[in-house]
2 protein chains.
Amino acid sequence: MIWVNVRPALPGLRVGVQNRVSMTSAEPSRQAPADPCADCDARGESVCNAIGDEFLPRLAEATQVTHIEPGQCFITEGEKADAFFNITAGSAKLYKLMADGRRQITGFAVRGHFLGLAVSATYAFSAEAIEPVRLCRFPRAKLFRLLADFPALERRLLERAATELVAAQEQMLLLGRKTARERVASFLRAQALAAPCGRPRAMVALPMRRGDIADYLGLTIETVSRTLTRLRAEGIIEIPDQTRVLLRDPARLARAAEG
Amino acid sequence: MIWVNVRPALPGLRVGVQNRVSMTSAEPSRQAPADPCADCDARGESVCNAIGDEFLPRLAEATQVTHIEPGQCFITEGEKADAFFNITAGSAKLYKLMADGRRQITGFAVRGHFLGLAVSATYAFSAEAIEPVRLCRFPRAKLFRLLADFPALERRLLERAATELVAAQEQMLLLGRKTARERVASFLRAQALAAPCGRPRAMVALPMRRGDIADYLGLTIETVSRTLTRLRAEGIIEIPDQTRVLLRDPARLARAAEG
DNA sequence: GCATTTCATTGATCTGGGTCAATGTGCGAC
DNA sequence: GTCGCACATTGACCCAGATCAATGAAATGC
């Protein structure tokens, strides 16, 4: 039994940190603003917006802006959890591995996602960039100090955690009880809704590989592919290219996602 | 395709609330203590222990002690989420249902478990007592006032949510990628560890039905039963009666839970 | 006591989705 | 261009676990 949809690439590859705060000169410039948090285009979607504008320097002091290339791993399951992350651009996959290589992707993270909430001393999952990722790295101690000083931030994190728990329960239902067709249909619907920008869209971006979708839905690459082909044959979706799907008939897709 | 391991019983049955605080007379008695929180035998395992002894009257004022009989439902998916719950005795199952009756149990809750963290206006899951449950019911508004006044409580809830998220990810791995044998073995191990009292025990209590285990592990009753029988035949476990399992060979059970 | 109900176990058979294998289909390098 | 590589798709076949069907084994009622 071989379930490995992972390519043999570089697990746990570590990535250089680019600390914009300390690198920045006194006068702001277009490339490297004096205060990365003030100019942050992900502030609207991020938990950090619980911190008022007047305290942005304090926030900026606690974080480091980092860039991750596709395929690179920036969190490794089992390693010491010494930092938290807020994704401000790009997309990543979060996953757990078994000893024999079986993989379960537990979620995809996009702009505004906060990672690393684990209480434990070590990370419970790994995270790898799909598209180029820009993220803010918060050393553990600094984040805790922020949490102590800004109760609103803690409240925001609690809300996030609760939302993720609800999503996790929905995913358990999918993995435990849905058919392959229902899983793929549910996934397409969820991706349409979860798009970083606003309301549901007919054109869904799928930056991840088929193998990633398979490992997220508890299926094989072949079943994902066949199911997409069948949905297309039924006129429910179109597949202009490998990374995009057009939802032609959202109502029938919704029905396909349930019984 | 029929997956329904639910018996046709009374969904959404509501339960009378016994408010001990207001019912209690001025002088404490053995049956109905003046301050239920001061005498709470679940305080050690509960989030409320973030609130110092000196504020226990305030805590007691915010909650109602309630008793739920086995089979009765005290949270119903989709209903208005107007309260939170802390279980102080007994055990319950948490689950999501599909329109055709397919059910996924997302977890079992025992003493110390805090339920209802959903941000949304409605509950994302249902909860039904397995053994007689005693719980503290916190009206939404009162809990929020507590949270505002006791940051330590909020921190505790955040820790709980993070822990549950980690457990949910582990369960996704189980549901998405493990074989029936691995699932049952993982479940038995987890139950041995999650016992309300202290460290792992060889004798594991299984108060839930086989159908509940099946709906938790994404299997059928028959597969759960056959798998338990096989583990017994191999000398890994003993099954003195339907509600208990003795782990004879924890090491081999651990191996059975992985590859 | 016996009848009834509920739940668990066991066996026989079936099937959705996994496995194995071959065939597209870009896309970057040269 | 065309070679090579990485993915995705498609087809043939198989098997773990679901389904269907009895049969045990406790618990409850009368």
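Here is the naming used below: chain letters follow the sequence lines, and residue numbers restart at 1 for every chain. The structure presented is a predicted model; accordingly, all values stated were derived computationally and were not measured.
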Roughly, in whole Å, what's the span from NZ in B/Lys178 to P in C/dG18?
18 Å
Looking at A/Arg177 and B/Asp100, does any basic side-chain N land under 4.0 Å from a carboxylate oxygen?
no
Would you sort out whether B/Phe85 and B/Phe114 count as a ring-ring contact (aromatic ring centres under 6.0 Å, His included), showing the intermediate values?
CA-CA 6 Å; B/Phe85 303 90; B/Phe114 187 87; 8.8 Å; no
Length of the line joining A/Leu206:CG and D/dC7:P, which is rounded to integer Å
16 Å
Indicate yes or no: does B/Glu170 engage A/Lys96 in a salt bridge with an N to O separation below 4.0 Å.
yes
State whether A/Thr220 places a side-chain N or O below 4.0 Å from either non-bridging phosphate oxygen (OP1 or OP2) of C/dG18.
yes
State plainly whether the residues A/Asp215 and A/Arg209 are in salt-bridge range, i.e. N to O under 4.0 Å.
no
Do any N or O atoms from the side chain of A/Glu77 and from the backbone of A/Leu97 form a donor-acceptor pair under 3.5 angstrom?
yes
Residue pair A/Arg137 / A/Thr66, side-chain donor-acceptor N/O under 3.5 Å
no
Readout for nucleotides 8-15 of chain D: B = base within 4.0 Å of protein heavy atom, S = sugar-phosphate only, - = neither; 5' to 3' it is SBBBB---
What integer distance in Å separates A/Leu175:CG from C/dG16:C1'?
16 Å
What's the CZ-P distance between B/Arg244 and C/dA8, to the nearest Å?
15 Å
In this structure, how many angstroms lie between the C1' atom of D/dT19 and the CG atom of B/Leu219, rounded?
14 Å
Starting from C1' on C/dT9, measure out to CZ on B/Arg230 and report it in whole angstrom.
13 Å
Here the distance between atom P of D/dG17 and atom CD1 of B/Ile213, to the nearest Å, is 17 Å
Would you kindly give the CG-to-P distance between A/Asp212 and D/dA6, to the nearest whole Å?
16 Å
